[in-house]
Amino acid sequence: MSKTVLITGATSGFGAASVHRFAGAGWKVIATGRRAARLQPLVDAFGADNVHAAAFDIRDDAAMDAALAAVPAAFRGIDLLVNNAGLAQGTAAAQHARLDDWRTMIDTNVTALVTLTHRLLPQLIERRGAIINISSTAARYPYPGGNAYGGTKAFVSQFSLGLRADLHGTGVRVTAIEPGMAETEFTLVRTHGDQAASDQLYKGAAPMTAADIADQIFWVATLPPHLNINRLELMPVSQSFAGFQVARQG
Ligand code: NDP
Ligand code: 8X3
């Protein structure tokens with residue numbers, strides 16, 4: 001019998017690629033995101049028996065509950081939760097950042113993620129399922145302008161380890177995937193719609209693709225049930241580390 005995965009943030013980037021990866025391999029997929037018009041082509045591509053679209057703002061608890069209650073019978077019993085929906089807003093230093101941007105990131109990347117996880121834990125435990133949380137290299141490696149975004153992803157990575165501890169003995173697997181630079185709509189969103197800035201960032205960098213990340217998510221999800229990848233950090237070959245900065249006086 002086919003397994004069921006709920007993938008958040010399926011309208012774009014990693015999430016959309018993951019819908020293709022899982023549905024293409026015969027999983028039933030519940031695909032979520034705000035932009036309903038982006039979800040419909042996924043349903044059209046794989047059929048309504050295989051992909052169920054649930055359009056809602058993940059920060060809206062009531063909308064989340066209504067969407068979960070409306071899941072068709074054939075998609076009930078979720079085996080895998082992919083907590084992928086998320087965003088960065090802004091690249092300004094903390095002292096110049098917009099508080100609204102920080103709150104949007106925390107509401108989406110942290111509060112909504114823990115809310116959906118809390119809602120689905122009973123059925124994930126019942127089915128000895130799995131949770132894959134999309135964190136970031138920003139969780140471990142700070143950079144100027146990363147401030148609250150990095151903070152939200154550090155939470156995601158640490159929350160994942162905490163879940164592992166609490167779910168000890170349940171058979172539920174938990175993984176944090178921590179990607180570096182991948183070309184999606186991420187930078188377009190981060191810059192509030194600056195396509196030129198997005199193109200400039202990725203130009204000549206051979207960044208990872210959404211399909212690369214979807215392949216890793218699928219690999220983690222389909223490992224033998226006695227194996228748990230705690231965290232998986234990956235980058236394009238073109239990306240590496242820089243040193244500490246020093247502010248000198250005089
Ligand atoms: P995209 O911008 O392409 O996709 C983000 C997805 O999140 C969209 O489907 C969007 O859907 C969804 N989303 C955002 N806010 C909400 C909301 N309030 N309610 C519901 N859905 C929401 O970016 P990526 O695919 O790159 O990002 C996916 C995840 O990967 C994020 O958590 C990001 O932080 C992380 N990541 C990205 C990296 C990169 O370099 N691209 C590297 C490391 C981590 P919609 O707008 O339709 O609601
Ligand atoms: C996205 C990667 O380096 O832009 O999480 O923070 S980075």
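Each ligand, and each atom within it, is numbered from 1 in the order the structure gives.
Short contacts between ligand 1 and Glu185, defined as distances under 4.0 Å to a heavy atom of the residue, involve ligand atoms 2 (O), 3 (O). Atoms of ligand 1 lying under 4.0 Å from at least one heavy atom of Tyr149, given by number and element, are 33 (C), 34 (O), 35 (C), 36 (N), 44 (C). Taking a cut-off of under 4.0 Å to the non-hydrogen atoms of Tyr149, the atoms of ligand 2 that pass are 1 (C), 5 (O), 6 (O). Heavy-atom contacts of Lys153 reach the following atoms of ligand 1: 31 (C), 32 (O), 33 (C), 34 (O) (cutoff under 4.0 Å). Of all atoms in ligand 2, numbered sequentially from 1 with element shown, those under 4.0 Å from a heavy atom of Ala138 are 6 (O). Taking a cut-off of under 4.0 Å to the non-hydrogen atoms of Arg59, the atoms of ligand 1 that pass are 18 (N).
Remark: ligand 1 and Ala182 share an N or O pair separated by less than 3.5 Å (distance only, no angle test). Considering both main-chain and side-chain atoms, Thr137 never comes within under 3.5 Å of ligand 1 through any nitrogen or oxygen pair. Polar contact check, Thr108 against ligand 1: no nitrogen or oxygen pair lies under 3.5 Å apart. Remark: ligand 1 and Val189 share no N or O pair separated by less than 3.5 Å (distance only, no angle test). Here's the thing with Ile58: one of its N/O atoms is less than 3.5 angstrom from an N/O atom of ligand 1. Considering backbone and side-chain N/O atoms, Asp57 comes within less than 3.5 Å of an N/O atom of ligand 1.
Looking at Gly86, Gly15, Gly13 and measuring to atom 5 (C) of ligand 1, the nearest heavy atom belongs to Gly86. Here atom 32 (O) of ligand 1 lies nearest to Asn84 when heavy atoms of Ile134, Asn84, Thr187 are compared. The nearest non-hydrogen atom to atom 47 (O) of ligand 1, considering only Leu201, Leu39, Thr11, Asn83, comes from Thr11.
For atom 43 (C) of ligand 1, the closest non-hydrogen atom on the protein side is Pro179 O, 3.2 Å. Among protein heavy atoms, atom 13 (N) of ligand 1 sits closest to Ala85 CB, 4.0 Å. The shortest contact between atom 3 (O) of ligand 1 and any protein heavy atom is with Ser12 OG, 2.5 Å. Here the heavy atom of the protein found nearest to atom 17 (C) of ligand 1 is Arg34 NE, 3.5 Å. For atom 7 (S) of ligand 2, the nearest non-hydrogen atom of the protein is Tyr143 OH, 3.6 Å. The protein heavy atom nearest to atom 42 (C) of ligand 1 is Gly180 O, 3.1 Å. Here the heavy atom of the protein found nearest to atom 27 (O) of ligand 1 is Phe14 CD1, 4.3 Å. Nearest protein neighbour of atom 12 (C) of ligand 1, counting heavy atoms only, is Gly9 CA, 3.6 Å. At the shortest separation from atom 26 (O) of ligand 1 among protein heavy atoms lies Thr184 OG1, 2.6 Å. Protein heavy atom in closest approach to atom 2 (C) of ligand 2: Ser136 OG, 3.7 Å.
Inter-residue side-chain proximity for Tyr149 and Asn109 is flagged as met; some heavy-atom pair is nearer than 4.5 Å.
In Gln249, the CD atom is not crowded: 12 or fewer heavy atoms of neighbouring residues, nucleotides or ligands sit closer than 6.0 Å. The 12-atom threshold is not exceeded at CD of Gln158, counting heavy atoms of other residues, nucleotides or ligands nearer than 6.0 Å. Surrounding CZ of Arg103 are at most 12 heavy atoms belonging to other residues, nucleotides or ligands under 6.0 Å away.
In this structure, OG1 on Thr152 lies 11.0 Å from CG on Asp107, to the nearest 0.5 angstrom.
Assignment of Ala138 to the shell around ligand 1 is not supported, since no heavy atom sits closer than 4.0 Å. For Arg38, the closest heavy-atom approach to ligand 1 does not fall below 4.0 Å. Judged by the shortest distance from any of its heavy atoms, Met208 lies outside the 4.0 Å radius around the atoms of ligand 1. By the 4.0 Å heavy-atom criterion, Ser135 is counted among the residues contacting ligand 1. Using a 4.0 angstrom heavy-atom cutoff, Arg190 counts as in contact with ligand 2. A heavy-atom separation below 4.0 Å is not found between Tyr141 and ligand 2.
Arg127 places a side-chain N or O within 3.5 Å of a backbone atom of Gly77 that can act as its donor or acceptor partner. Judged purely by atom type and a 3.5 angstrom limit, Arg59 has no side-chain atom pairing as donor or acceptor with the backbone of Ala112. A distance-only check finds no donor-acceptor pair linking the side chain of Thr170 to the backbone of Ile125 [under 3.5 Å]. Under the 3.5 Å distance criterion, the side-chain polar atoms of Thr191 are matched with a main-chain donor or acceptor of Leu188. The backbone N or O of Ala196 lies less than 3.5 Å from no partner atom in the side chain of Asp199, so there is not a single donor-acceptor pair. Listed for the Arg21 side chain is no donor-acceptor partner under 3.5 Å among the backbone atoms of Ala211. Remark: the backbone N or O of Gly9 is paired with a side-chain donor or acceptor of Asn84 at under 3.5 angstrom. Although no hydrogens or angles enter the test, the distance criterion places no donor-acceptor pair under 3.5 Å between the side chain of Arg119 and the main chain of Leu68. Checking side-chain atoms of Thr175 against main-chain N and O of Ile229 turns up a donor-acceptor pair under 3.5 Å. No donor-acceptor pair closer than 3.5 Å links the side chain of Gln89 to the backbone N or O of Trp102.
Of the heavy atoms in Glu178, none comes closer than 4.0 Å to ligand 1. For Phe56, every heavy-atom contact with ligand 1 shorter than 4.0 Å involves the backbone, none the side chain. Residue-level proximity to ligand 1 for Ala10 is carried by the backbone, the only part with a heavy atom below 4.0 angstrom.
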Query raised in the report: Taking it one step at a time, do Val29 and Asn50 satisfy side-chain contact (heavy atoms from CB on, under 4.5 Å)?
Result: CA-CA 6 Å; Val29 179; Asn50 301 310; over 6 Å; no

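The aromatic rings of Phe75 and His52 sit tilted, their planes meeting at an angle between 30° and 60°.
The minimum heavy-atom distance between Gly90 and His192, with the atom names listed, is N-NE2, 4.5 Å.
There is a side-chain donor-acceptor pair under 3.5 Å between Thr209 and Asp212.
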